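Bear in mind that the values here come from a model prediction, so they are computed numbers and not experimental data. Each residue takes its place number in the sequence, starting with 1.
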Amino acid sequence: MVRTVDDDGTVDPWQRRSRRRTPRQMPLWQELPLLLIVAFCLAVLIRTFLLQAFFIPSGSMENTLLVEDRVLVNKVVYDVRDPVRGEVVVFRGTEQWVPQVDLGPDPGLAGRAAQTVGDLIGVGRPGEKDFIKRVVGVPGDRVACCDEQGRVTVNDVPLDETYVFQDSPLDLPPNPAECRSRRFDEIVVPPGQIFVMGDHRLVSQDGRCQGPVPIDNVVGRAFMVVWPASRWAPLPVPETYESVPAATASAGDGPLPVRPTPGGGVALLVPIATVVSVLARYGRSTHARRRRLLS
């Protein structure tokens, strides 16, 4: 800083006042806990409204998703549109859905506290009614199995499900009380609900025997495997679903109304851009403050 000295040798009083108003730099031992609190609050906000890392507890989605994989779930995409066939979704099962997670013994006070913190920041284990499956049918779809080649059909169009691992046997008769058979009678997906199935059909307990799921129960879309690092990969919609025609309410009726925002990317990117902008402004203001202190 250049000091302005008057002819009589005194310092300019304006500079003396501005120097007294210069804020003092916060010590590291005070700034570090504050930054940790800010980071924790941001993690909670992102987990609550934007994204959540979801732990895979069972083999019902193998080999697309393996046990102990972690997927990133977009929690805002279905605020602007409905689920699309072929997407992998996380949802809360209805009372009809049998829990697939063994919660194990009581972890104790310390264990429960750790689980609570993990749940807040989005790295905890899922609840017993949390499921992850693939959307096969949307409202109005007619889903059945099987055609002459043993394939699932949607609106009479067979699906080439190359992602299916260990399909259920064809020789077992259909049983609405269990998901052991590949065959099941035609299901018309009710309005406001989706029909879901696991990629590992042999072990998956899904819509074949537990019924459709309300769209309101869907937590979000799983769009990427993020852990372990060796399995980092997106979860796109398989091409086979592109050939399925739009669902109709009944014969002769037009397509059922949906909220048709294909990607939902804007709904995800706008909040993230806002958070990044706030952090960038905070960083610039901190950098400028330190420059003033050092000048």
Side-chain angles (χ1 to χ4, degrees), residues 60-61 64-65 73-74 76-91 94 131-165 167-168 170 174 176 179 181-201 204-223 234-268:
S60 66
M61 283 295 292
T64 303
L65 301 173
V73 175
N74 181 340
V76 297
V77 61
Y78 298 136
D79 290 336
V80 296
R81 69 167 175 87
D82 292 329
V84 173
R85 302 182 200 97
E87 292 180 333
V88 178
V89 297
V90 173
F91 60 93
T94 64
F131 298 86
I132 184 166
K133 307 287 182 184
R134 189 180 299 275
V135 178
V136 177
V138 296
D141 279 346
R142 294 175 290 108
V143 186
C145 191
C146 305
D147 69 351
E148 294 180 354
Q149 300 181 34
R151 296 175 296 181
V152 173
T153 63
V154 180
N155 300 332
D156 298 324
V157 175
L159 300 177
D160 293 319
E161 299 181 286
T162 56
Y163 51 81
V164 169
F165 174 66
D167 210 340
S168 301
L170 275 167
C179 294
S181 173
R182 187 187 311 187
R183 300 183 181 275
F184 58 90
D185 296 332
E186 182 178 272
I187 298 171
V188 179
V189 184
Q193 303 194 42
I194 54 175
F195 183 83
V196 297
M197 300 177 73
D199 290 358
H200 191 178
R201 299 283 162 79
S204 177
Q205 301 295 307
D206 49 41
R208 292 173 290 171
C209 59
Q210 303 191 99
V213 176
I215 293 177
D216 290 342
N217 284 25
V218 177
V219 175
R221 178 190 176 185
F223 65 94
L235 295 172
V237 174
E239 294 182 359
T240 186
Y241 289 93
E242 296 178 0
S243 60
V244 178
T248 56
S250 61
D253 291 341
L256 289 175
V258 294
R259 293 173 291 169
T261 304
V266 173
L268 176 62

Next on the checklist: Please find the pair of heavy atoms, one from Ile215 and one from Pro83, that lie closest to each other, and give the distance.
Outcome noted: CG2-CD, 3.8 Å
Next on the checklist: Using a 3.5 Å distance criterion without hydrogens, assess whether the side chain of Ser168 forms a donor-acceptor pair with backbone atoms of Arg201.
Outcome noted: yes
Checklist entry - Sub-3.5 Å donor-acceptor pair from the side chain of Asp141 to the main-chain atoms of Val189, do we have one? => result no
Checklist entry - Taking C-beta and beyond as the side chain, do Met197 and Ser204 meet within less than 4.5 Å on heavy atoms? => result no
Checklist entry - Closest approach of Pro139 and Ala247, non-hydrogen atoms and distance? => result O-CB, 3.3 Å
Next on the checklist: Could you measure the distance from the CG atom of Leu235 to the CD atom of Glu87? Nearest 0.5 Å is fine.
Outcome noted: 10.5 Å
Checklist entry - Any idea which heavy atoms bring Pro212 and Gln193 closest together, and the distance? => result CG-OE1, 3.3 Å
Checklist entry - Which pair of heavy atoms, one from Val143 and one from Gly137, lies closest together, and at what distance? => result CG2-CA, 4.0 Å
Checklist entry - Taking Gln205 for the side chain and Gln210 for the main chain, is one N or O donor matched with an acceptor at less than 3.5 Å? => result no
Checklist entry - Rounded to the nearest 0.5 Å, how far apart are CE of Met61 and OH of Tyr163? => result 8.5 Å
Checklist entry - Taking side chain as C-beta onward, heavy atoms only, is Glu239 less than 4.5 Å from Thr162? => result no
Checklist entry - Passes side-chain contact (heavy atoms from CB on, under 4.5 Å), Asp82 versus Val138? Steps please. => result CA-CA 9 Å; Asp82 292 329; Val138 296; over 6 Å; no
Next on the checklist: For Tyr78 and Phe91, I'd like to know if the aromatic rings sit close, meaning centre-to-centre distance below 6.0 Å.
Outcome noted: no
Item to check | Stepwise side-chain contact (heavy atoms from CB on, under 4.5 Å) check, Leu159 with Val136 | outcome: CA-CA 9 Å; Leu159 300 177; Val136 177; 4.1 Å; yes
Checklist entry - Minimum heavy-atom separation for Leu170 to Arg183, with atom names? => result O-NE, 3.1 Å
Next on the checklist: Under a 4.0 Å threshold between the charged nitrogen and the carboxylate oxygen, would Arg134 count as salt-bridged to Glu161?
Outcome noted: no
Item to check | Test log, rule side-chain contact (heavy atoms from CB on, under 4.5 Å), inputs Cys179 and Asp206 | outcome: CA-CA 7 Å; Cys179 294; Asp206 49 41; 3.9 Å; yes
Checklist entry - For the side chain of Asp160 and the backbone of Thr240, is there at least one donor-acceptor N/O pair under 3.5 Å apart? => result no
Checklist entry - Are any of the side-chain heavy atoms of Val89 and Val213 separated by less than 4.5 Å? => result no
Next on the checklist: A quick test of your reading: do over 12 heavy atoms of other residues, nucleotides or ligands sit less than 6.0 Å from CD of Glu186?
Outcome noted: yes
Checklist entry - Does any non-hydrogen side-chain atom of Phe165 lie less than 4.5 Å from one of Asp199? => result no
Item to check | Heavy-atom closest contact (Cys145 atom, Gly150 atom, distance) | outcome: SG-O, 4.1 Å
Checklist entry - Are the side chain of Arg182 and the backbone N or O of Cys146 linked by a donor-acceptor pair below 3.5 Å? => result no
Checklist entry - So do Val73 and Ile132 actually touch side chain to side chain, heavy atoms under 4.5 Å? => result no
Checklist entry - Do Val84 and Val135 have side-chain heavy atoms sitting under 4.5 Å apart? => result no
